[in-house]
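Below you'll find the structure, written out as structure tokens, and then a few comments.
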Amino acid sequence: MTNTMWGGRFAASPAKIMEEINASIDFDKRLWRHDILASKAHVAMLGATGIIKPKEAEEITRGLDKIQAEIEAGTFTFSRALEDIHLNVESRLTELIGPVAGKLHTARSRNDQVATDFRLYVRDEIGTIDGALRALQLALARQALTHAAAVMPGFTHLQTAQPITFGHHLLAYVEMLGRDRGRFADTAKRLNESPLGAAALAGTPFPIDREATAKALGFARPSANSLDAVSDRDFALETLAASSIAAMHLSRLAEEIVNWTSPQWGFVRLSDKFTTGSSIMPQKRNPDAAELVRAKTGRIAGAFQALLMVMKGLPLAYAKDMQEDKEPVFDALDALKLGIAAMTGMVEDLEPDLRAMKRAAAAGHSTATDLADWLVLNLGLPFREAHHVTGKIVALAESQGCDLQKLPLADLKSVEKRITKEVYSALDVAGSVKSRTSYGGTAPANVKREAKKWIKRLEKDGLSR
Ligand code: ARG
């Protein structure tokens, strides 16, 4: 059967394999809601401008409503022979209301239609993702407030560096996710132009009102160049780029959870809700959800690359290559939404082992910098010299097999005789974090203030600082 929607000059049917490679309905049926929405905006405009009779416009609108109800009820039959969502809807419209259905496609092409539908879809998805990221930020900020003073080791090179607080660590992710939301918001702003009315590529001789359709669909304005309107997929690429960065952030947190929950670290415990057992090793509690969040970064970043490669060699305007824009976006955004939700669940669920964290924070001479700072502040040593003296003391502690803060005063004095017993408060991990009150520093008072600020902002839906 030739395609009934465009088969006028075709005598023969497509090859079986042609149908298989050409049809997009299996995946673009997801766009049905946006397709109908855009068609309704278009037909209302055709009626209002007198391009078709208002009565015809009403008839078409009623038909579209019926199709919407059929799809919602699951009684609509999607057909591969009709290629895509646009032709499936239009074909059913013809069945329902007869030849007047053919007037819907006046001053329109599938090229501007698909560009419009896809923008509407991605715009909705960005809204959903923003809400999900906000919920994750809130979960993190609440845990941060609870654990504002919980001492843990901070790392550089994954080597013990300086004591920090768990709350401070979690708030770092709140900042990252805030930037992610900013990227999505920027994308949504640039995305928000209506391609509808660009028609196939050159515009149309009909006296259409693009402002009206743009407004009806919640777009800020119609896009200014008809060629650009039908061939631009920047909005999808930007969304995938923002998604890739957000997924990378989730992956880093996932990796931390994997580390923290391993018995060797023992910093954090996830409940049975977010762990799995092993079929052979009864002792195991595996952080599968965190691992999968980490892994999904691959397909999300891969989707960005895939679409970038689809687009990079395309001359203007539309080419069928662009039909390959949808699957990577659908898959990546699904994966991202799932990853954010799973991460939110894990963050709400996780329970730190405060003693284990503190013990680890005190190991590895983590307050060596505090000692050097103490020598600068109290004995007036230049920092470089203080660093050198501290290095000697650390070597001494190492030779005695103890941590810095356990070294007797006599030993400290043997390296620098002006050191007094007051130094021990600087060597204590709780004292160390408490002293770091510089703006953005890890002091519990700072963390508490920042966590509260974020919670207040996030509860009000706020994005920026
Ligand atoms: N299914 C097509 C797509 O997703 C719709 C646009 C078809 N346009 C065309 N000129 N064949 O890109």
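As the structure lists them, so they are numbered: ligands from 1, and atoms in each ligand from 1.
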Query - For D84, the ligand 1 atoms whose distance to one of its heavy atoms is below 4.0 Å - result: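 Once the distances to D84 are compared, the set is 1 (N), 2 (C), 5 (C).
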Query raised in the report: Counting each atom of ligand 1 from 1 as listed, which ones have a heavy atom of S24 under 4.0 Å away?
Result: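 Ligand 1 atoms under the 4.0 Å threshold to S24: 1 (N).
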Query - Worked check of side chain to side chain donor-acceptor pair (under 3.5 Å) between T204 and R108 - result: CA-CA 8 Å; T204 168; R108 183 178 84 167; over 6 Å; no
Report task. Could you say whether the N/O atoms of H86 and ligand 1 ever approach to under 3.5 Å? Result ->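 It does not: no N or O of H86 is found under 3.5 Å from an N or O of ligand 1.
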Query raised in the report: Heavy atoms, side chains only, cut-off 4.5 Å: are P352 and H147 in contact?
Result: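 Contact flag for P352/H147 side chains = yes.
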Requested in this report: With heavy atoms under 4.0 Å as the rule, classify the contact between K326 and ligand 1 as side chain, backbone, both or neither.
Outcome: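 Only the side chain of K326 comes within reach of ligand 1.
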Top protein contact for [atom], by heavy-atom distance:
| atom | value |
| --- | --- |
| atom 2 (C) of ligand 1 | Q323 OE1, 3.2 Å |
| atom 12 (O) of ligand 1 | Y318 OH, 2.4 Å |
| atom 8 (N) of ligand 1 | N111 OD1, 2.9 Å |

Report task. With sequence neighbours excluded, give me every ring pair (Phe, Tyr, Trp, His ring centres under 6.0 Å) pair touching residues 310-343. Result ->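 For residues 310-343: Y121-F330.
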Query raised in the report: Heavy-atom distance to atom 11 (N) of ligand 1: which of E324, M322, R110 wins?
Result: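 Residue with the shortest heavy-atom distance to the ligand atom: R110.
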Requested in this report: Would you check, one step at a time, whether the test side chain to side chain donor-acceptor pair (under 3.5 Å) holds for S366 with Q162?
Outcome: CA-CA 5 Å; S366 64; Q162 293 174 345; over 6 Å; no
Requested in this report: Flag the pair R110 and E83 as a salt bridge only when some basic side-chain nitrogen lies within less than 4.0 angstrom of an acidic carboxylate oxygen.
Outcome: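 Yes.
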Requested in this report: Please determine if D272 and R285 form a salt bridge, counting it only when a charged side-chain N lies under 4.0 Å from a carboxylate O.
Outcome: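 Looking at R285 together with D272, the answer is yes, because their closest N to O distance falls below 4.0 Å.
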